[in-house]
Amino acid sequence: MTTFDANGITLERVREHVWEIPQEGDMRVPARVLASEALLEEIQDDKTLEQITNTTHLPGITNYAICMPDGHQGYGFPVGGVGALDAENGCISPGAVGYDINCGVRMMRTNLTYDDVQGHEEELVDSLFANIPSGLGGGGIVEGGVDTIDEILARGVDWALENGHAVEDDLRHCEDEGMREGAAPEKVSQKAKDRGKNQIGSLGSGNHFLEVQRVTDVFDSGVGEAYGLEEDQIVVLIHCGSRGLGHQTCNDYLRKIEQQHKGLLDRLPDRELAAAPAGSQLAEDYYGAMNAAINFAWVNRQLIMHRTRQVFERVFDRSWESMEMDLLYDVAHNIAKKETHTVSAEPRSADGASGVEPRIDGEERELYVHRKGATRAFPAGHPEVPDAYRDVGQPVIIPGSMGAGSYVLRGGENSMDLTFGSTAHGAGRLMSRTQAKNEFWGGDVQQDLEDQQAIYVKAQSGATIAEEAPGVYKDVDEVVRVSDELGIGDKVARTFPVCNIKG
DNA sequence: ATGTGC
């Protein structure tokens with residue numbers, strides 16, 4: 001058997017790109033890492049493998065804990081982790097969703113070509129930067145009171161539609177039509193709402209950005225046509241999340257769960273995995289609050305997209321409708337969701353007594369599918385794929401670094417069997433932000449991108465550019481190659497940056 | 001990611 005030894009953790013090769021950390025000790029299931037050897041080498045020295053192993057201790061974990069090709073260490077649970085926890089007998093874990101609830105990306109098409117935009121890059125990037133709030137702190141497209149926040153939390157993009165920030169078609173091209181069921185605004189703290197109320201429609205900082213891109217390759221012309229993508233076309237990619245509101249919500253519930261479910265916490269190998277047992281009041285409350293924060297993030301991306309249409313109208317002196325600036329799709333990267341999946345038989349529990357009814361092989365179970373730094377990737381035919389894409393599969397949008405470009409994939413036919421319908425979410429970081437600032441200087445990075453690749457970047461802070469320098473990320477081509485070869489997310493198109501604004 | 005702290 002081929003093995004990979006990573007600093008004391010041995011992975012067994014199941015088949016190409018599939019590695020397993022066998023079940024032992026208090027692990028309830030094995031862990032799986034979906035990666036090439038080159039990608040494994042990049043996570044052998046940090047805590048990624050330890051964290052995905054720790055995840056297998058969570059009650060109700062089903063089949064495997066899974067680390068995606070772009071996985072790297074995170075808070076308790078790896079970024080790039082998928083954990084499906086039984087919604088009846090298992091638990092829900094805020095650390096396995098992430099601090100930035102519904103951080104995600106959306107792509108908007110246009111009918112412009114690169115020729116139309118060349119020569120306007122600086123005007124475009126300046127106008128986007130001036131009109132779309134970014135950076136840390138407050139200031140959003142909409143200034144809301146408490147009533148506004150509560151409506152946004154409850155209704156998501158439906159609120160944006162009613163208030164002139166969306167068209168019907170936008171809702172049809174977003175998961176859950178931009179409105180997550182089960183949102184409970186009353187379970188979001190006043191403090192979280194206060195942080196969110198002046199951040200409605202704002203990019204934030206860190207790896208969040210808005211990028212104008214050109215399509216350089218269409219690998220699958222049939223799916224490309226269904227997605228409305230062709231070579232040389234201009235598209236816009238928006239990457240942001242739920243800002244201070246989601247961060248505060250995660251923090252609030254981590255603290256509550258640590259206090260009220262200490263018994264479970266004491267049995268876990270890392271307190272950052274703190275989880276509320278399924279059926280408990282806190283599990284219900286967190287799920288309701290998280291769903292509300294998900295709606296906030298969708299509104300955030302919607303307002304930014306709609307404002308981008310207005311910026312293009314001014315720069316190109318045409319209506320956005322005539323430029324066919326339609327939403328391709330919006331994907332969430334940090335969420336938990338109740339989904340029904342076909343599962344394997346209950347594996348033996350470490351102490352010989354799981355205390356729950358054993359599962360039957362092939363049984364359908366309702367699971368809290370936690371995807372943290374991972375994307376839903378449902379295949380063709382799945383009922384939750386929007387009508388427009390049902391025959392080809394769900395669009396998956398994978399941003400690379402600002403010097404590398406991004407990919408559009410479609411949910412692959414193996415995703416339901418291998419990954420609870422999931423794939424990677426990005427290139428994945430190679431080094432910490434602190435390390436990045438020691439290696440790069442923002443002004444140099446910005447100048448090199450412009451001189452060498454004709455990519456125009458404008459940011460609130462030079463430090464942010466250094467933290468997000470292309471050299472800070474893994475090779476997005478390698479991540480996508482693994483996803484494609486596993487058949488969990490298939491390559492459809494590739495894009496390259498034209499201009500980029502960030503915090 | 002984050003009014004850059006658990």
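All heavy atoms count here, side chains included; hydrogens, waters and symmetry mates do not.
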Look at atom NZ of A:Lys338 and say whether more than 12 heavy atoms of other residues, nucleotides or ligands are closer to it than 6.0 Å. yes
Note: for A:Arg429 and A:Leu136 on DNA chain B, the residue whose nearest nucleotide lies more 5' is A:Arg429
A:Tyr75 OH to B:dT4 C1', straight-line distance once rounded to whole Å: 16 Å
In residues 240-267 of chain A, which residues come under 4.0 Å of DNA chain B by heavy atom? A:Arg243, A:Gly244, A:His247
If only side-chain N and O atoms count, and only distance matters, is there a donor-acceptor pair under 3.5 Å linking A:Arg32 with A:Asn63? no
Whole Å only: how far is the CD atom of A:Gln460 from the P atom of B:dT2? 13 Å
Suppose the criterion is ring-ring contact (aromatic ring centres under 6.0 Å, His included): which pairs have a residue in residues 262-286 of chain A, not counting sequence neighbours? A:Tyr253-A:Tyr286
Evaluate whether atom CD of A:Glu181 has more than 12 neighbouring non-hydrogen atoms of other residues, nucleotides or ligands under 6.0 angstrom away. no
When rounded to the nearest 0.5 Å, the distance separating OG1 of A:Thr464 from CG of A:Leu136 is 7.5 Å
With sugar-phosphate meaning primed atoms plus P, OP1 and OP2, does A:Lys437 contact a base, only sugar-phosphate, or nothing at under 4.0 Å between heavy atoms? nothing
Spacing between A:Tyr99 atom OH and B:dG5 atom C1', to the nearest angstrom: 10 Å
So, the side chain of A:Gln446 versus the backbone of A:Val457: is there a donor-acceptor pair under 3.5 Å, distance only? yes
More 5' along DNA chain B: A:Arg433 or A:Glu467, using each one's nearest nucleotide? A:Arg433
